[in-house]
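Owing to the predicted nature of the structure, the values given are computational and were not obtained by experimental measurement. Every chain is numbered from 1 and lettered A, B, ... according to where its sequence line falls, protein lines coming before strand lines.
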Amino acid sequence: MSTQQNNTDKFQAIISHAKEYGFVFQSSEIYDGLSAVYDYGPYGAELKKNIKDYWWKSMTQLHENIVGIDAAIFMHPTTWKASGHIDNFSDPMIDNKDSKKRYRVDHLIEAHADTLPADAAKALLDAMDSLLAAEDFAGLKQLIETNKIVCSVSGTANWTDVRQFNLMFKTEFGAVAAEPGDDNHVYLRPETAQGIFVNFLNVQKTARMKVPFGIAQVGKAFRNEIVARQFIFRMREFEQMEMQFFVRPGTEGEWYQYWKDARLKWHLGLGIDAAKYRYHDHIKLAHYAKEACDIEFEFPIGFKEVEGIHSRSDFDLMQHQTYSRKKQQYFDNDVDPTTGKPYGNYVPYVIETSIGLDRMFLLILSNAYTEEDLSTPEKQDSRVVLKIPAKLAPVKLAVLPLLKKDGLPEIARELMNECKGAFKCFYEEKDAIGKRYRRQDAIGTPFCVTIDHQTKEDGTVTIRHRDSMQQERVPMNSIKAMVLNAIH
RNA sequence: GCGGAAGUAGCUCAUUUGGUAGAGCACAACCUUGCCAAGGUUGGGGUGGCCGGUUCGAGCCCGGUCUUCCGCUCCA
């Protein structure tokens, strides 16, 4: 219990730190905020962008057979019919007022039907289906009441009204208000994947891709979560980094395994402790999935999903082929050794890797946040330092003249001008040097350079390392190369 | 959505039973300062989450509302 309390405290401390140092603010804070929506501040925006670039580069630059796209957030409404989002994620819900338990209406009625004789059950389910199709919520509530369906916890039939739960945000398309009855609404996409699937042939043909190949995308997605909480872990507006990898049917098993391994390696490549990661294989699979697992990370609030790897079969492309009536086939010229002929036409299978950018941001922040006790017998001392991997740090180098006189600021400015085109730098000349170091620790700057009088004599400076707090004396003209080497 | 707790300066908090708000840190300017927070002087900053009620008078009492946190519920 006490460790759980400590972890909760640590999570609170991270949230406070994120706000105080310009990483994450609550959205619309001056209007009391908007629930489960957050804004990224100056350092947060840098960190987020660095994570995004690191992922993008690992996908589209280090893999010759992966290309990127940037699809619109608005998509044709039929997209979501094909993907299953409209049918699977707009469920009427009802609450029992006594037990406070919430049910999906269809689940509640189906469970009751299981207890009935076959013909009575069929009559009930038929009635339910027609009411669901008509979106007749009052009728559904009446159906529950006339059948005396009770809550399994409280045993009562004290129900709230039936309410619609919509996963997707709906908005109007076109500047002119709709005529009554017009069906001109569009959705804000609840996942970025469909933008990749509907462009499958565009990309394959124009970039001349051969199976197996992947399409990567980073972008915003929107979901009405039932409860949205835990800081930026679960937000209504969030950003995904997704890659859909198209493979020949029959090879999906080995590619699933390949990406499962490859994605964990990507995480570990940031130097994060492997013990904080684990796989979670799904037993119960989504409607489109053949195999699925999560990569989970041990946040202060426990192990939570950061990334999913899913074997999606040919579900999505087949659905789009059906709904659009346009073939989503690929002609494979490779020779099948068992027949001696090309593999020919097929709809590819898909392996998806999908990581939450905001969750990755929280992962980096959680892993980096460190409170250190630096007390000596003479003096109590402590510091808060963000041990962010150097390549992701918002600011790479702080340039600090020891004194703001004697020409030291001028020399520091020379170093700034040399470096600021290559990576993000920060210049500061006020306050004591120790205080400046600690401020840089708090935002995770890996290197601080101090210019002193000796610099004027021999051109050397001290470079101070964030994690060890060690300093070394090096030529000023070697700084840029040192930092570039560390963040490469 | 339900239950519990909380909301006073940028941050952490005080203001004994209702009498028109205070500290430390932070911030800004100047001085001082030779390498790991807390040197000096001066200064800016709050219609006490918001709305309403009781009262001669409300940060404090009452009601509502918003937001956050914890638990439950839900979840690709």
Within 6.0 Å of CD in A/Q142, more than 12 heavy atoms from elsewhere: no
Interatomic distance where CE belongs to A/M168 and C1' belongs to B/A76 [whole Å]: 13 Å
Aromatic ring proximity A/F245/A/Y258, centre distance under 6.0 Å: no
C1' gap between B/G49 and B/C60, integer Å: 16 Å
Rounded interatomic separation in angstrom, taking CG from A/D406 and C1' from B/U32: 14 Å
Rounded distance (Å) that lies between atom C1' of B/C75 and atom CZ of A/F222: 19 Å
Span that lies between the P atom of B/A6 and that of B/A14, in whole angstrom: 12 Å
Options B/C11, B/C69, B/U67, nucleotide nearest the side-chain atoms of A/Q26: B/U67
A/D70, CG: over 12 other non-hydrogen atoms inside 6.0 angstrom: no
Whole-Å distance separating the CZ atom of A/R436 from the P atom of B/C27: 13 Å
Distance, rounded to the nearest Å, where A/D294 contributes CG and B/C75 contributes C1': 12 Å
Between protein and nucleic acid, restricted to nucleotides 35-41 of chain B and to nitrogen or oxygen atoms under 3.5 Å apart, what atom pairs and distances do you find?
unit_1 : atom_1 : unit_2 : atom_2 : d
B/C35  : O2     : A/Y437 : OH     : 2.8
B/C35  : O2     : A/Q471 : OE1    : 3.4
B/C35  : O2     : A/Q471 : NE2    : 2.4
B/C35  : N3     : A/T462 : OG1    : 3.0
B/C35  : N4     : A/D452 : OD2    : 2.8
B/C35  : N4     : A/T462 : OG1    : 3.3
B/C36  : O2'    : A/R438 : NH2    : 2.6
B/C36  : O2     : A/R438 : NE     : 3.3
B/C36  : O2     : A/R464 : NH2    : 3.0
B/C36  : N3     : A/R464 : NE     : 2.9
B/C36  : N3     : A/R464 : NH2    : 3.1
B/C36  : N4     : A/R464 : NE     : 3.2
B/C36  : N4     : A/M469 : O      : 2.4
B/A37  : OP2    : A/K379 : NZ     : 2.7
B/A37  : OP2    : A/D381 : OD2    : 3.4
B/A37  : N7     : A/D381 : OD1    : 2.4
B/A37  : N6     : A/Q380 : O      : 2.9
B/A38  : N6     : A/Q380 : O      : 2.6

Inter-nucleotide C1' distance (B/C11, B/C56), Å rounded: 38 Å
Distance between P atoms of B/U47 and B/U42 (Å, rounded): 26 Å
Residue pair A/M241 / A/M59, side-chain heavy-atom distance below 4.5 Å: no
Separation of atom CG in A/D431 from atom C1' in B/A26, rounded to whole Å: 11 Å
N/O donor-acceptor pair, side chain A/H85 with base B/A76, under 3.5 angstrom: yes
Residues in side chain to side chain donor-acceptor pair (under 3.5 Å) contact with A/Q240, at least two apart in sequence or another chain: A/T192
Selection residues 360-371 of chain A - residue pairs positive for salt bridge (Lys or Arg N to Asp or Glu O under 4.0 Å), sequence neighbours left out: none
C1' spacing across the pair B/U65 / B/G22, given as an integer number of angstrom: 29 Å
C1' spacing across the pair B/A58 / B/G63, given as an integer number of angstrom: 15 Å
Pairs satisfying salt bridge (Lys or Arg N to Asp or Glu O under 4.0 Å), at least one member in residues 430-452 of chain A, at least two apart: A/D381-A/R438, A/R383-A/D441, A/E428-A/R439, A/D431-A/R439, A/D441-A/R464, A/D452-A/R473
Under 4.0 angstrom between A/K430 side-chain N/O and B/A28 OP1 or OP2: yes
Whole-Å gap separating C1' (B/C75) and CZ (A/R223): 9 Å
Worked check of ring-ring contact (aromatic ring centres under 6.0 Å, His included) between A/F297 and A/F299: CA-CA 6 Å; A/F297 179 79; A/F299 290 92; 5.2 Å; yes
Spacing of the P atoms in B/C61 and B/U16 (rounded, Å): 11 Å
Parallel, tilted or perpendicular, as decided by the 30° and 60° cut-offs, for the rings of A/H465 and A/F447: perpendicular
Nearest-angstrom distance, C1' atom, B/G10 to B/G46: 12 Å
Atom-pair distance (CD on A/E191; C1' on B/C75), nearest Å: 14 Å
With A/K81 via salt bridge (Lys or Arg N to Asp or Glu O under 4.0 Å) - residues at least two apart: A/D87
Dot-bracket summary - RNA chain B, pairs being Watson-Crick or G-U whose distances fall under 3.5 Å, with | when paired to another strand: (((((((..((((.....[..)))).(((((.......))))).....(((((..]....))))))))))))....
5′-ward residue of the pair A/R439/A/P190 relative to RNA chain B: A/R439
